[in-house]
> 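For reference, the structure I am asking about is given below.
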Amino acid sequence: MANTNNDFFEQVYQVVRLIPKGKVTSYGAIANYLGAKSSSRAVGYAMNAAHSQKPKVPAHRVLNRNGQLTGKHHFETPYQMQELLEKEKIKIENDTVLDLKKHYWDPTIELAL
DNA sequence: GTAATGACCTTGG
DNA sequence: ACCAAGGCCATTA
């Protein structure tokens with residue numbers, strides 16, 4: 001099978017790893033930073049193999065545009081994502097991050113040059 | 001090689 | 001403002 005370590009995947013992992021503690025971002029933001037705002041789905045799929053990567057990727061800091069923990073079900077345990085986010089001082093309710101804007105971390109802005 | 005799915009987002013009615 | 005459909009990328013069957 002094709003190397004899952006494609007540039008696209010690696011790029012996504014890099015950006016996710018660069019997410020500061022207590023910050024969260026969305027798939028579209030990462031895709032947009034990579035220059036493919038329409039590839040939000042591919043970014044999400046990359047996260048699917050994130051746990052398969054050697055360097056653990058903080059996929060729990062990646063949420064959808066709505067701030068929902070859509071991928072919590074894909075973690076080792078559905079509580080992992082919420083717990084990790086809570087440990088980051090991020091309040092979660094109904095699988096949704098509160099003060100999303102306050103904890104929002106946009107790579108296109110933070111990593112923008 | 002074609003069809004369907006998925007941790008999504010944007011646009012149209 | 002709300003609901004519905006389409007699009008894009010990559011992977012798997």
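We name chains A, B, ... by the order of the sequence lines, and we start the count at 1 in each one.
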> Please report, rounded to the nearest Å, how far the P atom of dC9(C) is from the CG atom of Asn48(A).
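Distance, rounded to whole Å: 19 Å.
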> Roughly how many Å is it from CD1 in Ile30(A) to P in dC9(C), rounded to a whole number?
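Whole-Å distance recorded here is 17 Å.
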> Would you kindly give the CE-to-P distance between Met47(A) and dA10(C), to the nearest whole Å?
15 Å
> Nearest heavy-atom pair of His103(A) and Gly22(A): which atoms, and what distance?
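Result for this residue pair: ND1-O, 3.0 Å.
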> Find the distance Arg41(A):CZ to dC8(B):P and express it as a whole number of Å.
7 Å
> So what does Ser40(A) touch, heavy atoms closer than 4.0 Å: a base, only the sugar-phosphate, or nothing?
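Base contact.
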> What is the distance, to the nearest angstrom, from the CG atom on Leu63(A) to the P atom on dA7(B)?
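Interatomic distance, CG of Leu63(A) to P of dA7(B): 14 Å.
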> Given dC8(B), is OP1 or OP2 found less than 4.0 Å from the side-chain N or O atoms of Ser39(A)?
no
> In whole angstrom, give the distance that lies between atom CZ of Arg65(A) and atom C1' of dA7(B).
16 Å
> Whole angstrom is fine here: how far is it from CG in Asn64(A) over to P in dG6(B)?
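So the two atoms are 16 Å apart, to the nearest Å.
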> Quick test of your reading: applying salt bridge (charged side-chain N to carboxylate O under 4.0 Å, His left out), list the pairs with at least one residue in residues 103-113 of chain A, sequence neighbours left out, ordered by first then second residue.
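Listed once each, the pairs would be none.
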> So does Tyr45(A) reach the base of dA7(B) with its side chain, donor to acceptor, closer than 3.5 Å?
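Side chain to base: no pair present.
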> Which value, in whole Å, describes the distance between the C1' atoms of nucleotides dA7(B) and dC3(C)?
23 Å
> Leu69(A) versus Phe75(A): any side-chain heavy-atom pair under 4.5 Å?
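SC-SC contact between Leu69(A) and Phe75(A) ruled out.
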> Under 3.5 Å, sequence neighbours excluded: what are the donor-acceptor pairs made by side chains of residues 94-101 of chain A?
from	atom 1	to	atom 2	distance (Å)
Asp95(A)	OD1	Lys72(A)	NZ	3.3
Asp95(A)	OD2	Lys72(A)	NZ	3.1
Thr96(A)	OG1	Asn94(A)	O	2.9

> Under the salt bridge (Lys or Arg N to Asp or Glu O under 4.0 Å) rule, what do Lys54(A) and Glu10(A) come out as? Steps first, then yes or no, please.
CA-CA 11 Å; Lys54(A) 310 290 186 69; Glu10(A) 229 187 65; over 6 Å; no
> At what distance, to the nearest 0.5 angstrom, does CD of Glu86(A) lie from CD1 of Ile90(A)?
10.0 Å
> Rounded to whole angstroms, how far apart are CZ on Phe8(A) and P on dC8(B)?
14 Å
> Mind checking Ala59(A) for me? I need base, sugar-phosphate or nothing, with any heavy atom below 4.0 Å counting as a touch.
base
> Please write out the pairs of protein N or O atoms and N or O atoms of nucleotides 1-3 of chain B separated by less than 3.5 Å, giving the distance to one decimal.
none

> To the nearest 0.5 angstrom, please state how far the CG atom of Leu111(A) sits from the OH atom of Tyr33(A).
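Separation between the atoms: 4.5 Å.
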